[in-house]
Peer 1: 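To start, I am sharing the structure in question, which I have written as structure tokens.
Sequence lines set the chain letters: A, B, ... in the order given, protein chains first and strands last, and positions in each chain run from 1.
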Amino acid sequence: MATLKDLRTRIDSVTQTQKITSAMKMVAASKLRRAQESAEAARPYAQRMERMVGSLAELLQDRDDAPVLLRGNGADKTHLIVVATSDRGLCGGFNSSITRATRLRIRQLTSDGKTVKIFCIGRKGREQLSREFGSLIIGSAAEVGKRGPSYDEADTIGQTITDLFEQGEFDICTVVYNHFKSVMTQIVTFQQVIPFADSAPDAANDDEAEQIDHGGAIYEFEPEEAEILEELLPYNLSIQVFRALLESAASEQGARMTAMDSATRNAGEMIDKLTLNFNRTRQAKITGELIEIISGAEAT
Amino acid sequence: MADTFQFELVAPEKLIFSDDIEFVVVPGAEGDFGVLPGHALLLSTVRPGIIEIHENDKPKERFFVGGGFAEVTPERCTVLSTESVNLAEIDESAARARLDTAERDLNDAASDGEREKAEKALEVAQALVAACS
């Protein structure tokens, strides 16, 4: 049986923890609002970009001189998986759901006889993946988007990926990130970026996704289409990475807020239980003492 | 009211401008081009410069763009820019400071890749300063 002092210490410590978790929840909530706004503000760009590249891809898909970033290098032997996670923990299942999905994908690809390489964004993903696949990690970036991801950071990562592709390090590149659906729900999304795949990853795109048919009319290009594509495709890659980073940042804050909210609630429940226990023990002690006094008085 | 078409100017961070307009001038890589409703399909790179939106044959709004891509279809014109600001909101001293940094970066550039990057940044900064005056 715990003594009164032990119980009081525990109640105090849980109260302290509750204070911390509820403060973290507040911080996450305010960061979330900002992250969510910028993620949603960036969606139009990525969508229009996708539309533009999509219509170009359609135009050029049958031609042999299409840039390799667009049609791929014909092989699918080596896969690069870019994993977007957070730098910090205490955000519920945010990082583990990403790494779990990634692990499954890696196992599946390996059993199909493919080679897998990993590029980690965020410290947590690297920690969790290096246990099992440490040898596959070819690069990583940490401390990305500490104050909200910026396009420059995404561009740096995008360029790294393009360089790796040009060096023949991999054939197919997929980005894994948590798509921000709502504060409670984040969807693990795999998006193939090299070669370009026209994929609308979320239902939110539907209202924007209008089918355009120009009756086979040909675009005029200024300057040459090869030149445009050469610039457009790496740029598109950076934009897609940027989008993934923004979505991931918003999801992280959402996940953290939910996690801290339930932690605060759990701490509250625990305090209630401990307080009840504390009062019971106190009463039992008082009763015991009373019995002692009464029986002492009766004996005389 | 004359015919209009949808014009959208997007920066990576957000949608800057989206409305039905009559006429717009876009600084294409190979020269400025004007877009009216019913323009032929065109895809062009955009150089750093000024986008001018006209209404009733008069310039209505002006935006600085730091480069990007423009897609023109008969009923729509979309400019995907690397960065873009309303000309009225540009801070001239900040623009000059940026020009200085870009020049310094170019001088300090060690590798070809860095130099290329610095040259691009310088070009954007020069256009920005030019846009202020």
Peer 1: Heavy-atom count around B:Asp108 CG within 6.0 Å, excluding the residue itself: above 12?
Peer 2: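 Yes, enclosed.
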Peer 1: If you draw a 6.0 Å radius around NZ in A:Lys117, do more than 12 non-hydrogen atoms from other residues or ligands fall strictly inside?
Peer 2: yes
Peer 1: Would you mind checking which part of B:Ser81 comes under 4.5 Å of any heavy atom in chain A, side chain (CB onward), backbone (N, CA, C, O), both or neither?
Peer 2: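 Answer is backbone: N, CA, C or O of B:Ser81 sit under 4.5 Å from chain A.
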Peer 1: Does any backbone or side-chain atom of A:Leu232 lie under 4.5 Å from a heavy atom of chain B? Answer side chain, backbone, both or neither.
Peer 2: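 Both backbone and side chain.
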Peer 1: Sort by residue number and list every residue of residues 32-41 of chain A having at least one heavy atom under 4.5 Å from chain B.
Peer 2: A:Ser38, A:Ala41
Peer 1: Atom CG of B:Leu80 and atom OH of A:Tyr45: how far apart are they, to the nearest 0.5 Å?
Peer 2: 4.5 Å
Peer 1: Please identify each residue that fulfils ring-ring contact (aromatic ring centres under 6.0 Å, His included) with A:Phe180, with sequence neighbours left out.
Peer 2: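 With sequence neighbours excluded, A:Phe180 shows a ring-ring contact (aromatic ring centres under 6.0 Å, His included) to no residue whatsoever.
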Peer 1: Minimum heavy-atom separation for B:Pro12 to A:Tyr235, with atom names?
Peer 2: CG-OH, 4.4 Å
Peer 1: How many angstroms lie between atom CD of A:Glu231 and atom CZ of B:Phe69, to the nearest 0.5 angstrom?
Peer 2: 5.0 Å
Peer 1: Which one wins on heavy-atom pair count under 4.5 Å against chain A: B:Thr78, B:Leu42, B:Val72?
Peer 2: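 Highest number of heavy-atom pairs under 4.5 Å: B:Leu42.
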Peer 1: Just how far is it from atom CG of B:Leu41 to atom CZ of A:Phe221, taken to the nearest 0.5 Å?
Peer 2: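 With rounding to 0.5 Å, CG (B:Leu41) is 9.5 Å from CZ (A:Phe221).
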Peer 1: So for A:Tyr151, is it side chain, backbone, both, or neither that comes closer than 4.5 Å to the heavy atoms of chain B?
Peer 2: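 Looking at A:Tyr151, backbone and side chain both touch chain B.
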Peer 1: So which of B:Glu30, B:Glu83, B:Lys14 has the largest heavy-atom pair count under 4.5 angstrom toward chain A?
Peer 2: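 Ranked by contacts with chain A, first place is B:Glu30.
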